[in-house]
Peer 1: 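Just passing along the structure, written as structure tokens.
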Amino acid sequence: MQKLDLSDILTHLGEERSEYFNAVSPPVMQSSNFVFPDLAYFRRAFSDELQHHVYTRGNNPTVEILRKKLAALEGTEDALVFSSGAGAIAAAVIGNVAAGDHVVCQRAPYSWTTALLKKLLTRFGVSHTFVDGTDIENIKAAIQENTKVLYLESPNTLTFECQDLAACADLARAHGIVTIIDNSYASPIFQNPAAFGIDIVVHSGTKYLNGHSDVVVGVLCSSKEMVRKLFESELMTLGGVLGPHDAALVIRGLRTLPLRVQRSDESAQAIIAKLEKHPKVAKIWYPFHESFPQLALARKQMRGCGGLFSVIFKSDSFEQMEAFVHRIQRFLMAVSWGGHESLMMPTIGFYNIPGRENPPIPWTFVRFYIGLEDPDWLWEDIEQALEGL
Ligand SMILES: *Cc1c(COP(=O)(O)O)cnc(C)c1O
């Protein structure tokens, strides 16, 4: 678990203030390259680019502060950051497979993770099996001689299916398989998968970690050895790195991470408590809701859930459902989540798109994200919109 106090991580860790005029906020080290004062330093720097400042694709001082804080938040030895969550996910998977290998993946990960396995890696001879990861037996049954990676997303971000992290880590270790988890939903405040033995923890830092809906960023936390391996191969060759300016924005975002996720969590619970009593609500999906099929496991692995949940409304008219969605004004209709602003993503918006099949999810399904606004003000909006559904 976390060795350092959260306050220490967010206020002190990595901040060498005497190196930059005792400024409270770290400078944006907007430089692509760094000077070698002499040849001895030149040679030392090139012997280890991860530990020295040579070139910003590899190592930048502002980015380094962010990496230290993220590793400490997840309780891992080191961390890397990427220009998107998708970049971090791709680096974690690609860095641990070769042609002829096989990946076992829980059945409904983030859409571009599915695309990575189905579209990109199959072109390079890496096969995969998607499994219902709610039962460890399914994962066990899917493991082959050539399985090298077990990819988890617990909870995932539509129906919040969970996997038993300790059981997955034990199973994988016994077979020499690397475990990767997308921990974006819980954030490091509510779940630390490394404590259960998971090897690599990835995040879309675009969501809670940055938290202000103004940066796209990916995070990868792991052992020193794994971080070095992925730094020297995927990070340096694919080059999807985060710039120093964006890194400074994410450091800014982290300062308030515990406050923001706690607020989202409490407000989401307050709104769910009202929704569950409403006659037009058929089902609520939220890992800590009493109707959640994996409630005990969710409570065992997480300290909280945060602001993301889904609802199935009662409606038998497509047009009335569309009108309901349009009556909601205070929630912004948008993808993503984890920022200051409350959002809704209605499945009905994925229906009737030219050239695309309708999704397998009912059009009465809406995913909500509760941001930092007053929960009563948000509930008023849902309540008025529900009139006439
Ligand atoms: C958004 C998201 C991603 C992708 O992250 P980007 O920063 O958009 O590349 C990956 N996993 C989950 C669970 C996400 O919500």
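Just follow the structure's listing: the first ligand is 1, and inside any ligand the first atom is 1. The structure presented is a predicted model; accordingly, all values stated were derived computationally and were not measured.
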Peer 1: Which residue and atom name correspond to the protein heavy atom nearest atom 6 (P) of ligand 1, and how close is it?
Peer 2: Gly85 N, 3.3 Å
Peer 1: So that I can tick it off, tell me whether Arg44 and Asp38 are bridged by a salt bridge, with the cut-off set at under 4.0 angstrom between side-chain N and carboxylate O.
Peer 2: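 Judged by the 4.0 Å cut-off on N to carboxylate O distance, Asp38 and Arg44 do not form a salt bridge.
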Peer 1: Give the C-alpha distance, both sets of side-chain angles, the deciding distance and a yes or no for ring-ring contact (aromatic ring centres under 6.0 Å, His included) between Tyr208 and Trp337.
Peer 2: CA-CA 8 Å; Tyr208 285 126; Trp337 48 277; 5.2 Å; yes
Peer 1: Where is the nearest protein heavy atom to atom 5 (O) of ligand 1: which residue, which atom, and how far?
Peer 2: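 It is Ser204 OG, 2.9 Å.
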Peer 1: Can you tell me if His203 has a non-hydrogen atom under 4.0 Å from ligand 1?
Peer 2: no
Peer 1: Give the residue and atom name of whichever protein heavy atom lies nearest to atom 14 (C) of ligand 1, and the separation in Å to one decimal.
Peer 2: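 Of every protein heavy atom, Lys207 NZ, 2.9 Å lies nearest to atom 14 (C) of ligand 1.
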Peer 1: Do Tyr369 and Ser336 pair up side chain to side chain, a donor and an acceptor below 3.5 Å, judged on atom types alone?
Peer 2: no
Peer 1: Mark yes when over 12 heavy atoms from residues, nucleotides or ligands other than Tyr55 sit less than 6.0 Å from its OH; otherwise mark no.
Peer 2: no
Peer 1: Are more than 12 heavy atoms, taken from residues, nucleotides or ligands other than Trp112, located less than 6.0 Å from that residue's CH2 atom?
Peer 2: no
Peer 1: Tyr185: heavy atom below 4.0 Å from ligand 1, yes or no?
Peer 2: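 Not so, Tyr185 does not reach ligand 1.
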Peer 1: So is there a nitrogen or oxygen of Thr157 less than 3.5 Å from a nitrogen or oxygen in ligand 1?
Peer 2: no
Peer 1: What protein heavy atom sits nearest atom 13 (C) of ligand 1, and how far off is it?
Peer 2: Asp182 OD2, 3.4 Å
Peer 1: So is Thr113 close enough to ligand 1, meaning a heavy atom under 4.0 angstrom away?
Peer 2: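 Outside the 4.0 Å threshold, so no.
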Peer 1: Could you pull out all residues at least two apart from Glu232 that satisfy side-chain contact (heavy atoms from CB on, under 4.5 Å)?
Peer 2: Arg228
Peer 1: Any sub-3.5 Å donor-acceptor pair from Thr256's side-chain atoms to Gly253's backbone N or O?
Peer 2: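 Judged by distance alone, yes, a pair lies under 3.5 Å.
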Peer 1: Heavy-atom contact under 4.0 Å between Ile89 and ligand 1?
Peer 2: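 Ile89: in contact with ligand 1 (<4.0 Å).
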Peer 1: Taking only heavy atoms of Trp337, which atoms of ligand 1 are found under 4.0 Å from at least one of them?
Peer 2: 15 (O)
Peer 1: For atom 7 (O) of ligand 1, what is the nearest protein heavy atom, given as residue, atom name and distance?
Peer 2: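 Result for atom 7 (O) of ligand 1: Thr206 OG1, 2.6 Å.
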Peer 1: For atom 4 (C) of ligand 1, what is the nearest protein heavy atom, given as residue, atom name and distance?
Peer 2: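 Atom 4 (C) of ligand 1 sits closest to the protein heavy atom Tyr110 CE2, 3.2 Å.
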Peer 1: For Asn59 and Arg67, what are the C-alpha separation, side-chain angles and deciding distance, and is it a side-chain contact (heavy atoms from CB on, under 4.5 Å)?
Peer 2: CA-CA 10 Å; Asn59 200 5; Arg67 285 176 43 214; 3.5 Å; yes
Peer 1: Counting both backbone and side chain atoms, is some N or O of Val216 under 3.5 Å from an N or O of ligand 1?
Peer 2: no
Peer 1: With a heavy-atom distance limit of 4.0 Å, tell me whether Val217 approaches ligand 1 through its side chain, its backbone, both, or neither.
Peer 2: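 Val217 to ligand 1: backbone contact only, side chain stays beyond 4.0 Å.
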Peer 1: Leu297: which other cluster members, linking ILVMFWY side chains closer than 4.5 Å, directly or transitively?
Peer 2: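 The other cluster members (ILVMFWY side chains, heavy atoms under 4.5 Å, direct or chained): none.
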